[in-house]
Amino acid sequence: ADLAGQAAFDRVIAADSRIEPRDWMPEAYRKTLVRQISQHAHSEIIGMQPEANWISRAPSLKRKAILMAKVQDEAGHGLYLYSAAETLGTPRQKMTEDLIAGKARYSSIFNYPTLSWADVGAIGWLVDGAAICNQVPLCRASYGPYGRAMVRVCKEESFHQRQGFEILLELANGTPAQKQMAQHAVNRWYAPSLMMFGPPDDDSPNSIQSMAWNIKRFSNDELRQRFVGMMVEQVEVLGLTLPDDQIRFNDETNKWEHGPLDWDEFKEVLAGRGPCNSQRLERRREAHEDGAWVREAAAAYAARKHAEQEG
Ligand code: FAQ
């Protein structure tokens with residue numbers, strides 16, 4: 001073991017300062033970061049699919065332009081995150097191969113179907129809302145490239161959340177059928193969005209070490225409770241309800257509480273047996289194969305430029 005390296009690393013963490021790519025770091029720290037950042041990158045890329053499903057059916061030109069911009073933003077987030085993960089020594093090609101081989105994780109939430117236009121609103125409001133709640137603390141993650149990527153990502157996610165809220169607000173104030181469509185979408189996305197924060201604390205094997213390394217700043221349950229508190233206020237402005245009658249603020253613990261979640265369903269989704277897992281991966285694989293000529297052309301162009309400069 002590199003004792004001087006370990007001591008320097010420990011000092012940086014104790015001072016709540018930042019580790020940069022060329023600094024010495026424990027192998028387990030490197031591994032956990034590659035795990036979390038690559039999963040996060042895959043989520044952004046796979047997460048393009050549920051909403052992209054509605055681009056061709058957006059109800060107006062304006063809605064279509066906004067949705068296309070949002071989906072492109074997610075692609076950008078994926079690229080920042082793959083770049084951050086690459087600084088730890090894992091090539092992007094390896095991460096992509098793991099994803100399309102079905103060996104990598106991505107967020108459970110993107111394995112649910114988008115059944116109506118209102119789902120685009122519910123995703124923006126709930127899914128991007130949960131993403132912000134989870135990712136604002138990650139802006140202070142001890143690994144520099146990850147924290148810096150999160151700052152840009154969070155700014156865009158805030159805009160995404162507002163656009164989702166605004167879609168739901170318009171539907172909720174529309175015809176009874178539109179209001180019902182909005183309510184059904186919220187009903188379907190609520191519990192899965194709470195599960196985005198990960199398993200309960202007593203079933204979260206990575207949390208304690210990730211918190212000791214200043215990667216995670218709060219536990220899964222702490223962030224989930226905070227999120228419920230935010231949503232329960234915003235849903236009133238929408239004039240809709242959350243499908244959970246057990247939400248309450250506990251004055252003694254100073255925490256929001258919510259009804260039980262179906263963790264068996266969560267495990268099924270993580271095991272690859274959610275409603276859309278196979279469709280999402282299949283589509284990602286197709287896109288990768290369809291893009292082969294772009295990668296070949298880019299490599300040929302780079303080789304020619306390189307040869308020209310050498311000659
Ligand atoms: N889905 O010990 P923990 C977005 C896995 S937002 C799937 O608690 P950890 C924006 C976990 O990996 C979504 N797997 O783990 C957007 C671990 O398995 P492993 C992406 C999950 O890492 C919006 C095992 O369970 N956001 O994309 C999930 O300490 C709209 C045990 O769990 C991020 O990735 C889950 N929900 O805490 C894009 C945020 N939860 O790796 C497009 C960064 C847990 O040992 C459209 N990540 N697992 O095999 C994190 O903050 C953390 O990694 C957690 C999990 C909180 C997700």
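Quantities reported herein were computed from a predicted structural model and do not represent experimental measurements. Below, each value reflects all heavy atoms present in this structure, side chains not excepted, and no hydrogens, waters or symmetry copies. Order of listing sets the numbers, starting from 1, for every ligand and every atom in it.
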*Asks:* A quick test of your reading: do over 12 heavy atoms of other residues, nucleotides or ligands sit less than 6.0 Å from CE of Met68?
*Replies:* no
*Asks:* Using a distance threshold of 4.0 Å (strictly less than), state whether atom 7 (C) of ligand 1 has a protein heavy-atom neighbour.
*Replies:* yes
*Asks:* Using a 4.0 Å heavy-atom threshold (strictly under), name the region of Met196 that reaches ligand 1: side chain, backbone, both or neither.
*Replies:*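 It is both backbone and side chain that touch ligand 1.
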*Asks:* With a heavy-atom distance limit of 4.0 Å, tell me whether Val269 approaches ligand 1 through its side chain, its backbone, both, or neither.
*Replies:*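 Neither; no heavy atom under 4.0 Å.
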*Asks:* Is Glu74 salt-bridged to Lys70, going by a charged N under 4.0 Å from an acidic O?
*Replies:* yes
*Asks:* Which of the atoms of ligand 1 are close to Gly47, meaning less than 4.0 Å from one of its heavy atoms?
*Replies:*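 In order of number, 42 (C), 46 (C).
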*Asks:* As an exercise, identify every atom of ligand 1 less than 4.0 angstrom from a heavy atom of Met195.
*Replies:* 36 (N)
*Asks:* What are the atoms of ligand 1, with element, lying closer than 4.0 Å to any heavy atom of Gln135?
*Replies:*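 Ligand 1 atoms under the 4.0 Å threshold to Gln135: 6 (S), 26 (N).
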*Asks:* Would you mind listing which atoms of ligand 1 come within a distance below 4.0 Å of any non-hydrogen atom of Phe197?
*Replies:*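 In order of numbering, the contacting atoms are 56 (C).
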*Asks:* Can a salt bridge be assigned to the pair Arg285 and Asp290 using a cut-off of 4.0 Å between side-chain N and carboxylate O?
*Replies:* no
*Asks:* Identify whether the distance between the nearest side-chain nitrogen and carboxylate oxygen of Arg273 and Glu268 falls below 4.0 Å.
*Replies:* yes
*Asks:* Quick one: nearest non-hydrogen protein atom to atom 37 (O) of ligand 1, plus distance?
*Replies:* Lys216 NZ, 2.9 Å
*Asks:* I want to confirm something. Looking only at heavy atoms, which of Ile46, Leu270, Leu223, Ile208 is nearest to atom 5 (C) of ligand 1?
*Replies:*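 The nearest heavy atom belongs to Leu270.
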*Asks:* Considering only protein heavy atoms, which is closest to atom 15 (O) of ligand 1, and at what distance to one decimal place?
*Replies:* Asn206 ND2, 3.3 Å
*Asks:* To check your reading of the model: name the closest protein heavy atom to atom 39 (C) of ligand 1, its residue, and the distance in Å.
*Replies:* Asn134 OD1, 3.1 Å
*Asks:* Is there a heavy atom in His160 that sits closer than 4.0 Å to ligand 1?
*Replies:*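 False for this residue.
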*Asks:* Suppose we measure from atom 44 (C) of ligand 1 to each protein heavy atom; which comes out shortest, and what is that distance?
*Replies:* Pro199 CD, 3.6 Å
*Asks:* Nearest non-hydrogen atom to atom 30 (C) of ligand 1 belongs to which of Gln36, Lys70, Gln209, His40?
*Replies:*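 Heavy atom nearest to atom 30 (C) of ligand 1 belongs to Lys70.
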*Asks:* Under 4.0 Å from any heavy atom of Ala131, which atoms of ligand 1 are there?
*Replies:*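 Those qualifying, in numeric order: 6 (S), 10 (C).
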*Asks:* Which heavy atom of the protein is the closest neighbour of atom 36 (N) of ligand 1, given with residue, atom name and distance?
*Replies:* Ser108 OG, 3.1 Å
*Asks:* Which atoms of ligand 1 have any heavy atom of Tyr106 under 4.0 Å away?
*Replies:* 1 (N), 7 (C)
*Asks:* With a heavy-atom distance limit of 4.0 Å, tell me whether Met48 approaches ligand 1 through its side chain, its backbone, both, or neither.
*Replies:* neither
*Asks:* Using a 4.0 Å cut-off to any heavy atom of Gly198, which atoms of ligand 1 qualify?
*Replies:*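 Checking each atom against Gly198, I get 40 (N), 44 (C).
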*Asks:* Do the side chains of Tyr29 and Ile19 get nearer than 4.5 Å, heavy atoms only?
*Replies:* yes
*Asks:* With a 4.5 Å heavy-atom cut-off, do Asn206 and Arg35 have their side chains touching?
*Replies:* yes
*Asks:* Please write down residue, atom name and distance for the protein heavy atom closest to atom 12 (O) of ligand 1.
*Replies:* Gln39 OE1, 2.9 Å
*Asks:* With a 6.0 Å cut-off on the ring centroids, do Tyr106 and His40 count as close?
*Replies:*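 No.
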*Asks:* Is ligand 1 less than 4.0 angstrom away from at least one heavy atom of Tyr146?
*Replies:* yes
*Asks:* Between Trp117 and Arg63, is there a side-chain heavy-atom distance shorter than 4.5 Å?
*Replies:* yes
*Asks:* Taking all heavy atoms of Glu86 and all of Arg92, pick out the closest pair and write down the distance.
*Replies:* OE2-N, 2.8 Å
*Asks:* How close do Val127 and Ile109 get, heavy atom to heavy atom, and via which atoms?
*Replies:* CG2-CG1, 3.7 Å
*Asks:* Measuring only between side-chain heavy atoms, which start at C-beta, is Leu261 closer than 4.5 Å to Phe266?
*Replies:* no
*Asks:* Could an N or O of ligand 1 be found under 3.5 Å from any N or O of Ser204, whether backbone or side chain?
*Replies:*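 Ser204 vs ligand 1: N/O contact under 3.5 Å present.
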*Asks:* Considering non-hydrogen atoms of the protein only, which is the closest contact for atom 46 (C) of ligand 1, and what is the distance?
*Replies:*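 Closest protein heavy atom to atom 46 (C) of ligand 1: Glu51 OE1, 3.4 Å.
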*Asks:* Does NZ or CZ of Arg162 lie under 6.0 Å from the centre of the six-membered ring of Phe165, at an angle within 45° of the ring axis?
*Replies:* yes
*Asks:* Using non-hydrogen atoms of the residue, decide whether His77 is closer than 4.0 angstrom to ligand 1.
*Replies:* no
*Asks:* For the pair Glu27 and Arg30, find out whether any cationic side-chain nitrogen is under 4.0 Å from an anionic carboxylate oxygen.
*Replies:*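 Yes, this pair counts.
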*Asks:* Do Arg18 and Tyr143 form a cation-pi contact, if we require the NZ or CZ to be under 6.0 Å from the six-membered ring centre and within 45 degrees of the ring's axis?
*Replies:* no
*Asks:* Which pair of non-hydrogen atoms, one from Thr114 and one from Asn53, has the smallest distance, and what is that distance?
*Replies:* OG1-ND2, 3.0 Å
*Asks:* If the threshold is 4.0 Å, N to carboxylate O, is there a salt bridge linking Glu286 and Arg283?
*Replies:*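 A salt bridge links Glu286 with Arg283.
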*Asks:* Is Arg152 close to Tyr80 at the side-chain level, that is, under 4.5 Å between some pair of heavy atoms?
*Replies:* yes
*Asks:* Heavy-atom distances under 4.0 Å are what count here, so tell me which part of Glu74 touches ligand 1: side chain, backbone, both or neither.
*Replies:* side chain
*Asks:* Between Arg224 and ligand 1, find which residue part has any heavy-atom pair under 4.0 Å and reply side chain, backbone, both or neither.
*Replies:*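 No part of Arg224 is near ligand 1 at this cut-off.
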*Asks:* Looking at Ser43, which atoms of ligand 1 are within less than 4.0 Å of one of its heavy atoms?
*Replies:*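 Taking each heavy atom of Ser43 in turn, ligand 1 has 13 (C), 20 (C), 27 (O) under 4.0 Å.
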*Asks:* At what distance is the nearest protein heavy atom to atom 18 (O) of ligand 1, and which residue and atom is it?
*Replies:*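 Of every protein heavy atom, Arg105 NE, 3.0 Å lies nearest to atom 18 (O) of ligand 1.
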*Asks:* Of the choices Glu157, Arg35, Met150, which has the non-hydrogen atom that lies closest to atom 10 (C) of ligand 1?
*Replies:* Glu157
*Asks:* Answer with side chain, backbone, both or neither: which part of Phe110 has a heavy atom less than 4.0 angstrom from an atom of ligand 1?
*Replies:*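 Contact part for Phe110 vs ligand 1: side chain (C-beta onward).
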